[in-house]
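Written out below as structure tokens is the structure these notes cover.
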Protein chains: 2
Amino acid sequence: MQDNLEEILLSRKIHPTAMRLLVLDELSKSESALSLNDLEGHFERADRVTLYRTLKTFEKHKLVHRIEDGTGALKYALCEASCDCAPQDLHAHFHCNKCQSTFCLKDYHLSQMKTPNNFQVEEISLVIKGLCEQCSHVN
Amino acid sequence: MQDNLEEILLSRKIHPTAMRLLVLDELSKSESALSLNDLEGHFERADRVTLYRTLKTFEKHKLVHRIEDGTGALKYALCEASCDCAPQDLHAHFHCNKCQSTFCLKDYHLSQMKTPNNFQVEEISLVIKGLCEQCSHVN
DNA sequence: CTAAACTTTGCAATCGCATTGCATCCTTAT
DNA sequence: ATAAGGATGCAATGCGATTGCAAAGTTTAG
């Protein structure tokens, strides 16, 4: 498992430090996208800025993608192994207005979405908001 | 025209003060969505917080809708007269990565978008980013 | 017409998240 | 071993959003 994580970092050309392995581990264990605050909550002793920069590094190397779910805080989720953050890799995200979780809808690819032909499209961000499965069952 | 603006406010049950008429006028003259900063730039003497609250009031009464285009600052655009911000009124937005303009793609309705059936959908935010028509012509 | 009640506006201040600068520590290459 | 480069920690700042409070303006009951 440790080895596995290390290989993941190496495959993205990210130097595998202890901190990065821990952050990657956290991200891979999480069902939902994590904000910097979320991440900080998982590490009593880690510095906020270090976590911030770790996420930035991951993002630059396309290990994670950022999600703007409108809560004010950016969230990050692991990319799939094959992901290159190219148009065909883009997918929708769901944000629960109740539990505030945000997760990837990996099956909702955005590459086939029709776009206005008078614009040069570079990225697409689709966030669906509502109640997640769990929260819609509980009343 | 003044009358017209006043009627618009009244139809949304917003008390038409001088400030609100001016802000509405600004919004209706603008091709693109405006941030609080944008708005502030148009009024030398207006207080930022008053503009902020004016937008909040407009939003509450569904005169404007907010757009999260990922630039960090919320933007606001006028709703159409018939808009009630219900699912069938939702449309996509385009954000130009060059000139930073954001505008409504009113023809891109989101109501017919298929959504995951294990979630209760309340809102959808679709932001397409790239180069707008103008900026893609200029090299 | 006037006083009370409510709304709107302006100013000061605060909060939260993102981001940067800089010094220190650690790792790597020579 | 040593210099060079990268990673980390701490302090500080920037910026947008938001709130509290008092002054000014508006509406309404009497």
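So that the names make sense, note that chain A is the first sequence line, chain B the second, and so on, each numbered from 1.
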Check: B:L27 main-chain N/O paired with B:S30 side-chain donor or acceptor under 3.5 Å: no
Backbone N/O of B:C85 and side chain of B:D89: donor-acceptor pair under 3.5 Å: yes
How long is the line joining [atom1] of [X] and [atom2] of [N], in whole Å?
| X | N | atom1 | atom2 | value |
| --- | --- | --- | --- | --- |
| A:K56 | C:dT20 | NZ | C1' | 12 Å |
| A:L74 | C:dG16 | CG | P | 17 Å |
| B:K75 | D:dG16 | NZ | C1' | 13 Å |
| B:Y52 | C:dC11 | OH | P | 18 Å |
| B:L55 | D:dG16 | CG | C1' | 13 Å |
| A:E59 | C:dT19 | CD | C1' | 13 Å |
| A:L39 | C:dG16 | CG | P | 19 Å |
| A:R48 | C:dG16 | CZ | P | 10 Å |

Salt-bridge present (B:K129, A:E68; N to O < 4.0 Å): yes
Side-chain donor-acceptor contact under 3.5 Å, A:D69 with A:T71: yes
Under 3.5 Å side-chain donor-acceptor pair for A:H93 and A:H95: no
B:E122 atom CD, neighbour heavy-atom count above 12 within 6.0 Å: yes
B:Q88, CD atom: more than 12 neighbouring heavy atoms under 6.0 Å: yes
Side chains of B:L63 and B:E59 in contact at under 4.5 Å (non-hydrogen atoms): no
side-chain N/O B:N37 vs D:dG16 OP1/OP2, d < 4.0 Å: yes
Summary of protein contacts for nucleotides 4-13 of chain D, nucleotide by nucleotide, where a base hit scores B, a sugar-phosphate-only hit scores S (4.0 Å, heavy atoms): ---SBBBB--
Other ILVMFWY residues reachable from A:I67 by side-chain steps of under 4.5 Å: none
Strand-adjacent residues in residues 62-70 of chain B, judged by heavy atoms under 4.0 Å from DNA chain C: none
